[in-house]
Number of protein chains: 2
Amino acid sequence: MDPITSSVSAGDGARSEPKYSETATRILDAAEGLFVELGMEATSLRLITQQAGVNLAAVNYHFRSKDALFEAVFLRRFGPWATECLKELDTLEGRVAAGEEALTAEAVVRSYVRPALALSKDPARGGVMFVRLFSRVLVENHRQLRETMSRQYGELVTRYTRALGRALPGLTEQEVEWRMHLGFSVMFHAFAGNDILKVFGRSAVSARDPDMIVKHMVPFVVAGLTSPPAGRSDR
Amino acid sequence: MDPITSSVSAGDGARSEPKYSETATRILDAAEGLFVELGMEATSLRLITQQAGVNLAAVNYHFRSKDALFEAVFLRRFGPWATECLKELDTLEGRVAAGEEALTAEAVVRSYVRPALALSKDPARGGVMFVRLFSRVLVENHRQLRETMSRQYGELVTRYTRALGRALPGLTEQEVEWRMHLGFSVMFHAFAGNDILKVFGRSAVSARDPDMIVKHMVPFVVAGLTSPPAGRSDR
DNA sequence: GTATGTTTCAAACGAGTGTTCGAGTTGTGG
DNA sequence: CCACAACTCGAACACTCGTTTGAAACATAC
């Protein structure tokens with residue numbers, strides 16, 4: 001029987017983290033690094049399997065297709081991150097409801113930065129790979145993956161928009177969405193190290209220490225989010 | 001004789017905008033759109049030449065190779081943008097020296113946003129294509145292109161760093177570089193429409209009107225740039 | 001007219017792509 | 001021991017890829 005259906009859907013309708021066999025894991029690990037470094041199109045299955053030390057046909061056996069492999073590589077990291085984000089939001093909103101904390105933009109930002117930071121510092125969960133992969137997904141056009149994301153993780157963005165809206169009263173819904181977009185964008189690309197200075201060969205900065213990144217990025221993002229509303233009219 | 005050497009280097013050592021034959025231009029136009037939409041690796045020369053209505057071999061005749069074509073596609077837009085940015089910086093610094101204007105972060109930001117905005121609104125110069133292409137170059141790894149950039153356009157980033165440093169006294173050189181990186185990153189990805197909400201299928205926002213983008217992005221970036229320095233210590 | 005240099009074109013080249021297939025191997029329960 | 005499923009493996013399939021070639025078409029100058 002093919003191992004795909006047995007691992008991805010674990011029975012009920014709830015989202016679940018599939019367990020992978022050792023071979024499948026080796027493939028995922030190798031593919032992750034190569035997708036991040038070379039991009040999905042430029043990475044061949046032969047390179048992946050060679051680096052993973054498995055047979056070429058194993059990819060199609062375990063993942064059906066290259067596209068499905070990419071999706072699996074991404075979701076393996078994205079799932080846990082999203083789960084942790086929702087948990088952070090839960091506790092934050094709990095504390096706010098209990099009057100123990102104010103719902104500030106910084107608190108919201110930290111609730112999604114913290115899981116990303118934890119991931120970045122944990123090599124066992126892919127380290128900085130996930131963020132770099134995400135920054136690629138933002139720019140490239142993985143239609144199939146986007147469908148999965150909007151189907152399975154729509155709740156995430158809905159809840160963040162609502163929380164940010166409450167943290168930033170005085171802003172229209174459109175303005176909130178704009179700042180969400182900009183704030184998340186900065187985080188992922190900053191973590192991923194997509195540095196303009198690097199493109200120009202002036203990369204003294206990107207020391208790639210995740211703590212350093214957070215230190216510089218969070219104040220930047222918070223300042224952007226909390227800046228006074230843009231001009232009143234719509235032109 | 002091959003037309004490459006005759007167009008790219010126009011004699012002296014100065015950077016020059018090469019003139020392209022009609023066939024070469026058709027190729028550049030088609031390639032630009034496809035590289036932006038599909039990425040360089042996923043775009044085949046056959047697709048480009050078919051869409052451009054030229055023979056397949058024309059690419060290698062006019063541009064030597066696919067890699068060189070990509071570089072040409074990018075530099076055709078980047079060159080004019082960089083030139084205009086330097087011009088804006090010149091006039092800004094001139095007015096500052098004459099005491100007619102203060103050197104604010106916003107003025108610096110606008111000096112690189114304005115050329116990008118002008119480009120985005122001018123279909124004859126590629127419209128929004130250039131910014132989207134740049135956002136891809138930020139994420140992907142075009143080694144050859146990066147060498148060209150750092151060789152030919154190092155001045156651009158040097159001058160911006162210096163200007164921003166003067167506009168933001170009180171910041172260390174490292175902090176200035178960090179904010180440069182973050183500020184430019186936001187601009188390109190915002191213009192390019194690399195929207196997180198879009199990935200999740202909640203894309204009510206990205207109306208893609210360049211003026212709208214500027215309206216929301218500039219205050220965000222300026223607020224981030226001018227925010228108080230991060231914590232004093234280095235941890 | 002011929003000669004010369006530039007540009008186009010159809011066809012092919014060899015290498016590399018994702019995917020499939022069927023035989024082989026391994027491991028587990030009866 | 002056997003049957004049966006899960007898994008691995010080498011070989012092949014049917015393409016597509018970027019690039020090259022050599023002959024034709026075109027332009028320009030003498």
Side-chain angles (χ1 to χ4, degrees), chain A residues 1-10 18-32 34-35 37-74 140 142-145, chain B residues 1-10 18-32 34-35 37-74 140 142-145:
Chain A
M1 170 203 168
D2 87 78
I4 300 159
T5 51
S6 74
S7 67
V8 167
S9 67
K19 287 275 170 285
Y20 291 106
S21 71
E22 198 211 309
T23 303
T25 306
R26 298 255 295 274
I27 293 173
L28 287 169
D29 288 340
E32 182 171 58
L34 291 167
F35 284 159
E37 219 61 56
L38 312 175
M40 137 113 175
E41 303 286 349
T43 305
S44 71
L45 293 185
R46 284 167 177 82
L47 190 57
I48 294 173
T49 53
Q50 182 182 324
Q51 185 157 318
V54 305
N55 186 273
L56 169 62
V59 171
N60 293 70
Y61 177 75
H62 286 279
F63 299 97
R64 252 195 241 300
S65 71
K66 189 187 181 186
D67 278 302
L69 169 63
F70 183 84
E71 199 170 302
V73 165
F74 183 80
E140 295 164 14
H142 302 257
R143 219 157 304 131
Q144 197 180 232
L145 178 57
Chain B
M1 171 201 167
D2 84 78
I4 300 159
T5 50
S6 72
S7 67
V8 166
S9 68
K19 287 278 171 284
Y20 292 107
S21 70
E22 198 211 307
T23 303
T25 306
R26 300 255 293 273
I27 293 173
L28 287 168
D29 289 339
E32 182 171 57
L34 290 167
F35 284 158
E37 218 63 56
L38 312 174
M40 136 112 175
E41 303 287 350
T43 305
S44 71
L45 293 185
R46 284 168 175 82
L47 191 56
I48 294 172
T49 52
Q50 183 182 323
Q51 186 156 318
V54 306
N55 187 273
L56 169 62
V59 171
N60 291 10
Y61 176 75
H62 286 278
F63 298 95
R64 253 196 239 299
S65 71
K66 188 187 180 184
D67 279 302
L69 169 63
F70 183 84
E71 200 171 300
V73 165
F74 183 80
E140 295 165 15
H142 302 257
R143 218 157 306 132
Q144 196 180 233
L145 177 57

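First the proteins, then the strands, lettered A, B, ... as listed; each starts at 1.
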Nearest-Å distance, [atom1] ([X]) to [atom2] ([N])?
| X | N | atom1 | atom2 | value |
| --- | --- | --- | --- | --- |
| A:N60 | D:dA11 | CG | P | 18 Å |
| B:L69 | D:dC17 | CG | C1' | 15 Å |
| A:Y20 | D:dC7 | OH | P | 14 Å |
| B:L45 | C:dA11 | CG | C1' | 16 Å |
| A:L38 | C:dT17 | CG | P | 12 Å |
| A:I27 | C:dT19 | CD1 | P | 13 Å |
| B:R26 | C:dT8 | CZ | C1' | 12 Å |
| A:F63 | C:dT20 | CZ | C1' | 18 Å |

Nucleotide of [options] approaching [X] most closely (side-chain heavy atoms):
| X | options | answer |
| --- | --- | --- |
| A:Y61 | C:dT6, C:dT17, D:dT8 | D:dT8 |
| B:S44 | C:dT19, D:dG18, C:dT7 | D:dG18 |
| A:L56 | D:dT8, C:dT7, C:dT19 | C:dT19 |
| B:R46 | C:dA12, D:dT20, C:dT19 | C:dA12 |
| B:K66 | C:dT19, D:dT19, D:dG10 | D:dT19 |
| B:A57 | C:dA10, D:dT19, C:dG18 | C:dA10 |

Counting any heavy atom closer than 4.0 Å, what does B:T43 reach on the DNA or RNA strands: base, sugar-phosphate only, or nothing?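 Touches sugar-phosphate only.
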
Could you tell me whether A:S65 contacts a base, only the sugar-phosphate backbone, or nothing, with contacts defined as non-hydrogen atoms closer than 4.0 Å?
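Sugar-phosphate, backbone atoms only, no base.
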
Q: Using modelled atom types only, decide if a donor and an acceptor are shared between the side chain of B:K66 and the backbone of B:V59 within a distance under 3.5 Å.
A: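 Looks like no, no N/O pair under 3.5 Å.
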
* Asked: When you measure from the side chain of B:T43 to the backbone N and O of B:L38, does any donor-acceptor pair fall under 3.5 Å?
  ->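 No; judged by distance alone, with no hydrogens or angles, the pair does not exist.
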
[N] phosphate, OP1 or OP2: any side-chain N/O from [X] under 4.0 angstrom?
| X | N | answer |
| --- | --- | --- |
| B:N55 | C:dT7 | no |
| A:T23 | D:dT8 | yes |
| B:H62 | C:dT6 | no |

| request: Over 60° means perpendicular and under 30° means parallel, so classify the ring planes of A:H142 and A:F70, tilted if in between. | output: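 A:F70 vs A:H142 ring planes: parallel.
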
State the CD1-CD distance between A:I27 and A:E22, to the nearest 0.5 angstrom.
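Answer rounded to 0.5 Å: 11.0 Å.
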
Open item on the list: Using 0.5 Å steps for rounding, measure from the OG1 atom of B:T25 to the NE2 atom of B:H62.
Closed with: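 Interatomic distance, B:T25 OG1 to B:H62 NE2, rounded to 0.5 Å: 9.5 Å.
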
